[in-house]
Q: 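Okay, handing you the structure first.
As the structure lists them, so they are numbered: ligands from 1, and atoms in each ligand from 1.
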Amino acid sequence: MSAEETLILVKPDGVARGLSGEILRRVEAKGYRITDLRMVTASRELLAEHYAEHEGKPFFEPLLEFMSSGPIVAVRAEGDRVIEGFRSLAGATDPTTAAPGTIRGDLGRDWGVAVQQNLVHGSDSTLSAERELALWFA
Ligand code: DAT
Ligand code: MG
């Protein structure tokens with residue numbers, strides 16, 4: 001059986017704050033393998049596809065605006081149970097209450113804006129990972 005894969009994004013806030021290295025360090029220190037990586041300023045089309053499940057929600061437009069505001073580091077990572085494992089490293093969606101020890105809990109905070117700027121994205125299922133990897137590493 002080949003190892004599981006996931007898509008990790010260092011979002012524009014993470015890149016702008018110079019935290020890409022620290023975030024990737026945590027991924028590698030956990031033992032996952034980075035097998036591909038690219039820096040991309042994402043188009044609205046790509047982001048609308050990526051976040052299709054959130055269309056219609058009040059934070060959808062602010063989310064697309066934020067995610068297209070600067071470069072993103074897109075990462076293909078692999079390892080047994082990497083999807084669940086990276087979500088655990090990332091921590092809860094809300095950076096104010098994300099547990100200390102997690103990426104969002106240690107490095108993120110609330111900035112009083114309409115969308116949470118929480119540094120990272122990680123696929124949430126094997127189906128999402130497959131779909132998202134095809135979008136970002138076409
Ligand atoms: P996650 O990134 O933890 O998988 P998600 O898929 O539910 O979270 O939402 C995608 C992103 O949208 C999330 O990282 C930050 C933003 N977001 C989610 N819920 C939000 C809310 N209630 N208010 C503001 N931003 C939100
Ligand atoms: Mg999600």
Q: More than 12 heavy atoms of other residues, nucleotides or ligands under 6.0 Å from CD of E65: is that the case?
A: no
Q: If I take atom CG from residue L107 and atom CG from residue L19, how far apart are they, to the nearest 0.5 angstrom?
A: 5.5 Å
Q: In the protein, which heavy atom is nearest to atom 26 (C) of ligand 1, and how far is it?
A: Q116 OE1, 3.4 Å
Q: Would you say ligand 1 has an N or O under 3.5 Å from any N or O of Y51?
A: no
Q: Starting from atom 12 (O) of ligand 1, what is the nearest protein heavy atom, named by residue and atom, and what distance separates them?
A: F59 CE1, 3.4 Å
Q: Side chain, backbone, both or neither: which part of A114 comes within less than 4.0 Å of ligand 1 when only heavy atoms are counted?
A: backbone
Q: Any N or O of H121 that comes nearer than 3.5 Å to an N or O of ligand 1?
A: no
Q: Is it the case that E78 and T35 place a side-chain donor and acceptor less than 3.5 Å from each other?
A: no
Q: At a 4.0 Å cut-off, with the gap strictly under it, does some heavy atom of K57 reach an atom of ligand 1?
A: no
Q: For atom 5 (P) of ligand 1, grab the closest protein heavy atom and report residue, atom and distance to one decimal in Å.
A: H54 NE2, 3.4 Å
Q: Report yes if some heavy atom in the side chain of T6 is under 4.5 Å from a heavy atom in the side chain of R87; otherwise report no.
A: no
Q: Side chains of V40 and P71: closer than 4.5 Å at any heavy-atom pair?
A: no
Q: Are any of the side-chain nitrogens in E22 or R25 under 4.0 Å away from the carboxylate oxygens of its partner?
A: yes
Q: At a 4.0 Å cut-off, with the gap strictly under it, does some heavy atom of K11 reach an atom of ligand 1?
A: yes
Q: Does R104 reach ligand 1, in the sense of a heavy atom lying below 4.0 Å from it?
A: yes
Q: Of all the heavy-atom pairs spanning V120 and R104, show the shortest one and how long it is.
A: O-NH2, 2.8 Å
Q: Would one find an N or O of T93, backbone or side chain, under 3.5 Å from an N or O of ligand 1?
A: yes
Q: Determine whether L46 and W136 make a side-chain contact, defined as any pair of heavy atoms from C-beta on separated by less than 4.5 Å.
A: yes
Q: Would you say R109 has more than 12 foreign heavy atoms packed within less than 6.0 Å of its CZ?
A: yes
Q: Among V115, L63, V120, which residue places a heavy atom closest to atom 11 (C) of ligand 1?
A: L63
Q: Check H50 against ligand 1 and report side chain, backbone, both or neither, counting heavy atoms closer than 4.0 Å.
A: neither
Q: If we only consider heavy atoms of N118, is any one of them less than 4.0 Å away from an atom in ligand 1?
A: yes
Q: Do me a favour and list the nearest non-hydrogen protein atom to atom 4 (O) of ligand 1 with residue, atom name and distance?
A: R87 NH1, 2.8 Å
